[in-house]
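Each chain gets a letter, A, B and so on, in the order the sequences are listed, and its residues count up from 1.
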Number of protein chains: 2
Amino acid sequence: MTTADRIVDAAASLLDAGGESAVTLRAVGLASGVSHNAPYKHFKSRSALLAAVATRDFTELEEAFARIGRERVRPLTKLKRALQHFITYGREFPARYRLLYSDPELARQGGDLEAAAMKSFLTFTSLVSECQQSKQLPSVPPLQLAGLLYASVHGLIDLQAGGQMRSEKGLMGAEAGVLLLLKLLSQAE
Amino acid sequence: MTTADRIVDAAASLLDAGGESAVTLRAVGLASGVSHNAPYKHFKSRSALLAAVATRDFTELEEAFARIGRERVRPLTKLKRALQHFITYGREFPARYRLLYSDPELARQGGDLEAAAMKSFLTFTSLVSECQQSKQLPSVPPLQLAGLLYASVHGLIDLQAGGQMRSEKGLMGAEAGVLLLLKLLSQAE
DNA sequence: ACCTGAACACCGTTCAAGT
DNA sequence: ACCTGAACACCGTTCAAGT
């Protein structure tokens with residue numbers, strides 16, 4: 001376990017425990033046993049450190065999608081499991097989730113983060129594509145349908161994480177929203 | 001124009017010009033002609049000031065939805081115009097847009113902000129409901145369908161604002177995504 | 001009631017210096 | 001190559017004091 005790994009771990013833990021504002025370089029240093037500016041020897045800035053956390057999570061997300069893709073169940077079941085995994089991750093680690101998709105500062109950095117994000121989306125697309133081949137989802141261009149589904153479930157997770165779906169009766173949680181969407185989409189062609 | 005109004009205006013301008021991190025109380029004070037801690041006489045904290053900006057924007061959004069609802073065109077045309085308004089606002093003012101839906105700090109404050117958010121969503125729901133009555137959208141519970149559409153378009157706007165839909169070829173912009181979603185949904189019942 | 005200026009405890013980042 | 005401690009310029013927030 002390198003120092004850089006311990007620093008990324010500490011940042012992820014602080015993120016989970018107290019949100020983005022809790023990830024100060026001083027706290028990261030303390031939690032990983034180095035001085036408050038040792039992280040600069042491994043990451044260009046605080047923002048680059050957060051990008052490393054996000055890149056790691058994107059990679060884990062992609063691995064989960066790929067693992068689900070290898071299961072021997074119906075394509076639509078795979079897709080539902082992938083979406084459930086996505087939703088669960090977003091609910092359990094909201095601060096890290098927001099890092100992946102809602103941080104303009106990070107998105108501008110490109111590089112590894114962008115590549116990992118793209119790879120996870122492409123693996124997700126292959127799950128959608130399978131459903132189309134087995135006629136369980138309408139036959140529009142796969143990347144378009146996958147992009148739409150990806151954006152929709154992101155919106156559901158994000159509104160839930162942001163507390164927007166709290167007191168509004170009649171509004172569904174992310175799981176119910178995804179199931180409704182899949183049901184309606186499966187009726188189209 | 002009260003001092004409080006000038007402070008909110010200044011915060012909104014700074015937000016548009018330089019993102020959330022540019023909204024320091026010192027910059028707000030300078031831009032609105034008061035000292036850097038005069039805002040505390042009008043708002044409990046920096047966070048409460050940002051909530052006031054978000055509340056104002058939610059109110060304007062609701063007014064736009066209501067205005068579109070009064071136009072004398074087909075229900076589906078109204079809905080499309082409302083969604084287009086939403087998307088355009090998100091693209092032109094990304095930092096303010098993110099304040100509405102992606103700031104957990106603000107969501108926890110409840111109060112005026114939550115009420116304004118709810119009102120704008122309910123007005124949006126009435127546009128969706130009209131489409132259902134004229135059989136242009138499937139007849140599932142209106143709040144559920146409206147919630148799904150709202151979350152989906154939010155996801156499209158948010159991914160676009162976060163730069164996630166940039167280099168990925170084949171991925172649609174928010175407008176095309178919404179149109180595809182409406183097309184597919186209109187084929188369901 | 002509304003505002004100011006000074007002060008406090010933080011923060012990211014830089015830099016000279018150490019091994 | 002990797003790390004430290006001091007320093008710099010910021011920041012949100014508080015407080016005593018002014019009108």
Side-chain angles (χ1 to χ4, degrees), chain A residues 1-55 95-96 98-99 102-111 113, chain B residues 1-55 95-96 98-99 102-111 113:
Chain A
M1 189 114 163
T2 69
T3 303
D5 285 334
R6 275 187 294 117
I7 288 171
V8 172
D9 271 353
S13 296
L14 287 165
L15 214 36
D16 290 338
E20 215 214 86
S21 65
V23 187
T24 69
L25 290 179
R26 283 159 175 86
V28 167
L30 192 67
S32 51
V34 291
S35 75
H36 76 280
N37 44 15
Y40 281 98
K41 312 302 161 177
H42 304 274
F43 304 96
K44 206 174 79 262
S45 63
R46 173 178 184 273
S47 187
L49 168 57
L50 291 176
V53 176
T55 302
R96 266 151 72 191
R98 264 155 202 290
L99 216 53
S102 300
D103 200 317
E105 185 96 10
L106 260 54
R108 246 175 280 124
Q109 293 185 238
L113 176 57
Chain B
M1 189 113 163
T2 68
T3 303
D5 284 334
R6 275 188 294 117
I7 288 172
V8 171
D9 271 353
S13 297
L14 287 165
L15 213 37
D16 290 338
E20 216 216 84
S21 65
V23 188
T24 68
L25 291 179
R26 283 159 175 87
V28 167
L30 191 68
S32 52
V34 292
S35 75
H36 75 279
N37 43 16
Y40 282 98
K41 312 302 162 179
H42 304 273
F43 304 96
K44 203 174 80 263
S45 63
R46 174 178 184 273
S47 187
L49 168 57
L50 291 176
V53 176
T55 302
R96 266 151 71 192
R98 266 156 199 290
L99 217 53
S102 301
D103 199 318
E105 186 96 9
L106 260 56
R108 247 175 279 123
Q109 293 185 238
L113 177 56

Provide, to the nearest angstrom, the distance between the OH atom belonging to A:Tyr40 and the C1' atom belonging to D:dA6.
15 Å
Within the 4.0 Å heavy-atom criterion, would you say A:Val28 contacts the bases, only the backbone, or no part of the nucleic acid?
nothing
The reported gap from CD in A:Glu20 to CZ in A:Arg46 (rounded to nearest 0.5 angstrom) is 5.0 Å
To the nearest Å, how far apart are B:Phe43 CZ and D:dT14 P?
16 Å
C:dG12 phosphate, OP1 or OP2, under 4.0 Å from A:Ser45 side-chain N/O
no
Rounded off to whole Å, could you give me the CZ-to-C1' distance for the A:Arg26 and C:dA9 pair?
11 Å
A:Leu25 CG to D:dA9 C1': how many Å, rounded?
16 Å
Need to verify one output field. Residue with the more 5' nearest nucleotide on DNA chain C, A:Lys41 or A:Thr24?
A:Thr24
Just name whichever nucleotide pairs with D:dC10, Watson-Crick or G-U, keeping both distances under 3.5 Å, else none.
none
Between atom CG in A:Asn37 and atom C1' in C:dA16, what is the gap in whole Å?
12 Å
In this structure, how many angstroms lie between the P atom of D:dC2 and the NZ atom of A:Lys44, rounded?
18 Å
Taking CG from B:Leu50 and C1' from D:dG12, how many angstroms apart are they, rounded to a whole number?
12 Å
Watson-Crick or G-U counterpart of C:dC15, or none if no pair lies under 3.5 Å
D:dG5
Nearest to the side chain of A:Ala38, which nucleotide is it out of C:dT13, C:dC3, D:dC3?
D:dC3
State, yes or no, whether a side-chain contact exists between B:Val23 and B:Val28 at a heavy-atom distance under 4.5 Å.
yes
Round to the nearest Å and state the distance from B:His36 atom NE2 to C:dT4 atom C1'.
9 Å
Could you check whether B:His42 gets within reach of a base, just the sugar-phosphate, or nothing at all, counting any heavy atom under 4.0 Å?
sugar-phosphate
